[in-house]
Amino acid sequence: MRMESMKKRRILVLLVLAAMAGSLSERASGGSITKKAWRTVRRVNKEGPYLGLVVPNSFELNPLLQSSNFVHSPRLPFLDLAGRRFRFGTVGKEKVIVVMTGLSMLNAGLSTQLLLTLFDVKGVVHFGIAGNANPDLQIGDVTIPRRWAHTGLWNWQRYGDGPNDELALEATGDYTRRIGYLNFSDYDAIKEGNLLNSVWYQPEEIFRVDGIPEVRQHAFWVSVNKNYYALSRNLEGLKLPQCINSTCLRRRAKVLRVENGCSANAFVDNAGYRQFLRNKFDVTPIDMESAAVALVCRQVRVPFIAFRALSDLAGGGSSESNEAAVFSSLAAQNAVDVVIEFINLLH
C-alpha cells in the first residue's frame, strides 16, 4: 500500500513538473524565444519573402515610419524579440520587415543576424547617415558605396617593429600585413620615440552558411549585390531638398554611387584620420554599422546594399563642417527618400 502511494505521489510530482515546464516554455529564458513567438514568426514567414530594412537609430528610422509610403501591417504591426522590434508593412508593392539595430558594429551585426535567422528575407537594404571623407561632396548628399570594409579590426604592433617585422600570430594565419597600416609617428611632430608605433588593418573572419563549419574565410572588402548596385544607377538624378527650416546648403543634395565606405566602433570627428582613411582606402562615407550588416549578409548569402547620407565632413574643413546637429535630420530624410525610390525600382 505504501509503495502504491509513493508511486502515485511520484506521478503527481512528474505531472506538476511537466505542467511547470509547459508554462515556463511560454516565457523567454535568457536569450531564448517563446513558443508563442515562434508561432508568430512562422505565421509571418508564410506571407514572405520580405525585404529587410535595417537602420541604426530612431532619428534615422522615424522619417520612414512617418512617411505615407510606409504602410504598417494591419494584422501584425510589429513583433518584439530579443530586445529588438521587428516592424511589418509595405513600401509600394514590396513587403518589408524593418528593424532598428542601435549604435555600433555589435548591435548592427546581432540585429541583422536575428532578422535573417528568424524571417524569410530575400534581401537587405541598410540606410542612415554617415560622416564624409570626401571634401568634394557636401552635407546632404546620399552615397551608395560599391563595397564596405570594417576598419576597426587591428593588430597593434609592438614598439620598435616596422613593416618588415612579422606580426604576433601572423605565422598561424590569424593576422596579415597585406592590407596596410597606420603609423602614428607619421602624425607626430617629433617623428621619433612614439611608443604607439603602428596598427595594421585586418580582415574579418567569416563562416559562410554553405561552407564547412569552423573553417574560416577572410574578408576585408565586402561588395554589395551587383544587381542592386546596377539598379541604383537610376537614382543618381533624383532631386533632393536643399534646405531644412531656414538653413540651406550651397547646392541641392545629390545621390552618388561611390567606390568604398568603411565602418568601425569610432565616431570620426578628426580631420587627420579622415584624410588617412580617404587616402588609404578611397572611402567616402564613414559610419559605425554598415560593414557589420554587409559581413552578416555575406556570410548567409543574402543580397545587400547600403545608402548613407552625409551629415558632416568628419573632422571639419569647410564652412559647413561640424554641423551634424543641424543637418542630421535633413540627411536622415534624404536617406529615407532615396531608399523608398530604390524599393519602388525593384518592381
| query | Distance under 6.0 Å and angle within 45° of the ring axis: does Arg85 meet both against Phe78? | reply |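 The answer is yes; both the distance and angle limits are met.
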[X] side chain to [Y] backbone, donor-acceptor under 3.5 Å:
X: Asn260; Y: Phe281; value: yes
X: Glu60; Y: Phe127; value: no
X: Arg257; Y: Tyr229; value: yes
X: Trp148; Y: Ala292; value: no

Work out which heavy atom in [X] is nearest to a heavy atom in [Y]; give both atom names and the distance.
X: Val124; Y: Leu115; value: CG2-CD2, 4.5 Å
X: Ala335; Y: Val142; value: N-CG2, 4.1 Å
X: Val302; Y: Gly123; value: CG1-CA, 3.7 Å
X: His126; Y: Glu289; value: NE2-CB, 4.0 Å
X: Asn197; Y: Gly160; value: ND2-N, 4.0 Å
X: Asn57; Y: Leu103; value: OD1-N, 3.8 Å

Using a 6.0 Å cut-off, check whether atom [atom1] of [X] has over 12 heavy atoms from anything other than its own residue.
X: Lys226; atom1: NZ; value: no
X: Ile212; atom1: CD1; value: no
X: Tyr175; atom1: OH; value: no
X: Arg233; atom1: CZ; value: no
X: Arg158; atom1: CZ; value: no

Which distance, rounded to the nearest 0.5 Å, do you find between the [atom1] of [X] and the [atom2] of [Y]?
X: Trp156; Y: Leu196; atom1: CH2; atom2: CG; answer: 5.5 Å
X: Gln333; Y: Asp337; atom1: CD; atom2: CG; answer: 4.5 Å
X: Gln66; Y: Leu61; atom1: CD; atom2: CG; answer: 9.0 Å
X: Ser198; Y: Gln157; atom1: OG; atom2: CD; answer: 5.5 Å

Do [X] and [Y] make the cut of ring centroids closer than 6.0 angstrom?
X: Tyr50; Y: Phe86; answer: no
X: Phe220; Y: His218; answer: no
X: Phe307; Y: Phe342; answer: yes
X: Tyr273; Y: Tyr187; answer: no

Short N-O contact, Arg216 and Asp174, less than 4.0 angstrom
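Asp174 and Arg216: salt-bridged.
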Is the shortest distance from a Lys or Arg side-chain nitrogen in Arg278 or Asp282 to a carboxylate oxygen in the other one below 4.0 Å?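 Salt bridge flag = yes for Asp282 with Arg278.
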Notebook entry, point to check: side-chain contact (heavy atoms from CB on, under 4.5 Å) between Leu240 and Lys254: does it pass, once the steps are laid out?
Noted result: CA-CA 7 Å; Leu240 296 172; Lys254 298 179 179 178; over 6 Å; no
*asked:* Working note: Thr112 + Phe304, criterion side-chain contact (heavy atoms from CB on, under 4.5 Å); need CA distance, chi angles, decisive distance, verdict.
replied: CA-CA 11 Å; Thr112 305; Phe304 158 83; over 6 Å; no
Matching residue for Thr284 among Leu277, Asn132, Asp141 - test: side chain to side chain contact (heavy atoms under 4.5 Å, CB included):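 Per the side chain to side chain contact (heavy atoms under 4.5 Å, CB included) rule, the option paired with Thr284 is Asn132, out of Leu277, Asn132, Asp141.
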